[in-house]
Number of protein chains: 2
Amino acid sequence: MALSRVSNEALVAAAAEVFRTHGFEGATLRRLSEATGLEKASLYHRFPRGKEEIALAVAERVNQWFSKNVFEPLEGDGTPSTRVRLIAHKLREFYGDGSKSCTLDTLSLSGGGDALAAALQAGLLGWLEAFTRISKESGLPAATARSRAEQAIIEVEGALVLSRVLRHNKLFLKVISRLPELLLI
Amino acid sequence: MALSRVSNEALVAAAAEVFRTHGFEGATLRRLSEATGLEKASLYHRFPRGKEEIALAVAERVNQWFSKNVFEPLEGDGTPSTRVRLIAHKLREFYGDGSKSCTLDTLSLSGGGDALAAALQAGLLGWLEAFTRISKESGLPAATARSRAEQAIIEVEGALVLSRVLRHNKLFLKVISRLPELLLI
DNA sequence: GTCTATAGCTTGATAGAC
DNA sequence: GTCTATCAAGCTATAGAC
């Protein structure tokens with residue numbers, strides 16, 4: 001394990017911003033190179049299967065981020081209300097107050113390949129499960145909890161699209177602030 | 001006005017499917033050429049400013065489609081409930097039962113230029129106005145009507161993203177079926 | 001592990017024949 | 001109005017020096 005000028009963590013984080021901003025097809029190796037500070041050949045040394053492997057690493061990093069910052073805190077201490085408010089804050093930061101797109105959106109468009117599509121789907125399913133669980137824990141029946149979880153994520157994703165098109169984040173911030181009432185009894 | 005092998009209408013319609021599927025950067029001239037049945041040089045004859053002009057024509061065509069099939073019917077005959085059910089059916093068709101993406105989403109990602117972004121924003125603002133109007137007409141106060149309109153469009157766009165990632169259209173169809181209760185008193 | 005240099009292909013766009 | 005042929009630039013990916 002030799003020294004790396006740029007840590008894998010920092011590398012994938014920089015790549016994630018490129019993919020979420022430009023989508024899979026718009027995330028060129030030149031842009032990835034500029035964002036990460038590594039030349040294209042160095043990116044191939046780290047990710048021998050090229051752009052598709054980088055995108056997959058990004059999707060998995062995002063899934064890990066959600067596990068650590070959303071799913072796990074939802075099972076932590078405090079009342080369900082406290083926990084939802086905590087992860088609402090995390091989501092607000094993750095999406096840059098609504099100014100940044102979701103990789104579920106931008107990476108699912110086309111060209112990404114089956115492994116990427118599967119990773120995105122797995123991440124979204126985990127998100128649905130975590131939201132369903134906290135909703136159930138707050139006292140809602142299983143079926144209702146599932147609907148609330150679907151509803152909440154639909155609103156986050158939809159608001160991000162509208163924020164991008166309208167060029168303001170009012171609607172996104174409103175959805176984030178409504179997360180407790182969307183998920184809890 | 002000389003004869004065209006492919007009507008402007010059919011040409012832009014075919015291009016729209018390419019843009020909504022692949023996004024702006026993924027909609028290459030090769031794909032546009034294959035989809036429209038015209039060689040690249042012929043596309044440049046029709047749209048001298050190239051890909052950006054085609055995308056703009058697509059956005060304007062979508063805006064016109066919404067005017068004719070959504071905004072105008074919402075001001076037509078019948079009860080508000082009847083009208084909303086009518087346009088819900090139109091939207092379901094437009095989005096291929098949830099299998100097709102929204103151009104507001106796929107064209108707003110990056111690379112499209114300012115004129116395209118402005119056209120997308122104008123289309124969305126028109127949609128918001130039309131939904132607000134029918135909601136007000138059904139008896140809701142102005143501020144509530146506006147919130148209902150925002151909510152309904154957020155849910156349509158969000159459900160389309162989730163349908164794409166999850167690879168099933170259950171959630172989209174549910175949103176479409178809920179449009180009357182979302183918009184009306 | 002990172003770099004420069006380069007291969008081979010695809011891109012957006014143009015010229016000119018018909 | 002459409003086509004074939006072509007261009008420069010950009011793309012993904014690789015070879016090889018350090």
Side-chain angles (χ1 to χ4, degrees), chain A residues 1-59 106-107 109-117, chain B residues 1-59 106-107 109-117:
Chain A
M1 187 88 87
L3 287 174
S4 299
R5 180 174 307 179
V6 181
S7 73
N8 246 294
E9 180 47 32
L11 203 169
V12 179
E17 293 306 307
V18 177
F19 278 108
R20 85 182 337 189
T21 305
H22 297 94
F24 184 83
E25 311 237 25
T28 64
L29 286 181
R30 178 215 280 263
R31 282 173 173 150
L32 290 167
S33 168
E34 286 169 357
T36 59
L38 285 185
E39 291 301 322
K40 286 182 281 184
S42 303
L43 292 176
Y44 274 94
H45 178 78
R46 302 280 201 98
F47 301 94
R49 300 203 321 280
K51 180 170 151 174
E52 201 161 325
E53 190 176 353
I54 302 178
L56 191 57
V58 165
T106 67
L107 283 182
L109 211 49
S110 88
D114 292 343
L116 178 59
Chain B
M1 188 89 84
L3 288 175
S4 299
R5 183 175 303 178
V6 180
S7 74
N8 246 293
E9 179 49 31
L11 203 168
V12 179
E17 293 306 308
V18 177
F19 278 107
R20 86 182 337 188
T21 305
H22 297 95
F24 184 83
E25 311 237 23
T28 63
L29 285 181
R30 177 215 281 262
R31 282 174 173 149
L32 290 167
S33 168
E34 286 169 359
T36 59
L38 286 184
E39 292 299 323
K40 286 182 285 183
S42 304
L43 292 175
Y44 274 94
H45 179 79
R46 303 283 201 94
F47 301 94
R49 299 202 322 279
K51 180 170 152 174
E52 200 161 326
E53 190 176 353
I54 302 177
L56 192 57
V58 164
T106 67
L107 283 181
L109 209 51
S110 86
D114 292 344
L116 178 59

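Letters A, B, ... mirror the listed sequences (proteins, then strands); counts begin at 1. The figures here come from the full heavy-atom set of this structure, side chains too, leaving out hydrogens, waters and symmetry mates. Model, not experiment: these values are computed from the prediction.
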Problem - Heavy-atom side-chain contact between B/S4 and B/R46 under 4.5 Å - result: yes
Handout entry: Side-chain ion pair, B/R5 and B/E39, N-O less than 4.0 Å
Key = no
Exercise for the section: Give me the bend of the helix from C/dG1-D/dC18 to C/dC18-D/dG1, using the axes of the five pairs at each end, rounded to 10°. Expected result: 0°
Problem - Lys NZ or Arg CZ of A/K51 over A/Y44 ring: under 6.0 Å, within 45° - result: no
Problem - Audit row: B/E25, B/R31, salt bridge (Lys or Arg N to Asp or Glu O under 4.0 Å) steps and yes/no - result: CA-CA 11 Å; B/E25 311 237 23; B/R31 282 174 173 149; over 6 Å; no
Problem - Integer-rounded Å distance: C/dT4 C1' and A/L38 CG - result: 15 Å
Problem - Distance, rounded to the nearest Å, where B/F47 contributes CZ and C/dT14 contributes P - result: 15 Å
Exercise for the section: Taking all heavy atoms of B/A115 and all of B/L56, pick out the closest pair and write down the distance. Expected result: O-CD1, 3.6 Å
Fill in the blank from the handout: A/L43 atom CG is separated from C/dT2 atom C1', nearest whole Å, by 11 Å
Practice task
Grab the two heavy atoms, one from B/A27 and one from B/L32, that are nearest each other, plus how far apart they are.
Solution key: O-CD1, 4.0 Å
Exercise for the section: Spell out protein contact along nucleotides 4-18 of chain D as letters: B when the base is contacted, S when just the sugar-phosphate is, - when no protein heavy atom is under 4.0 Å; keep the 5' to 3' order. Expected result: B------SBBBB---
If you look only at distance, which donor and acceptor atoms sit under 3.5 Å apart when one is on a side chain in residues 7-14 of chain B and the other is two or more places apart or in another chain?
residue : atom : partner : partner atom : Å
B/S7    : OG   : B/A10   : N            : 3.0
B/E9    : OE2  : B/R61   : NH1          : 2.6

Practice task
Could you check if a side-chain atom of A/T36 sits within less than 4.5 angstrom of a side-chain atom of A/V6, using non-hydrogen atoms only?
Solution key: no
Exercise for the section: Examine D/dG1: is either OP1 or OP2 under 4.0 Å from a nitrogen or oxygen in the side chain of B/H45? Give yes or no. Expected result: yes
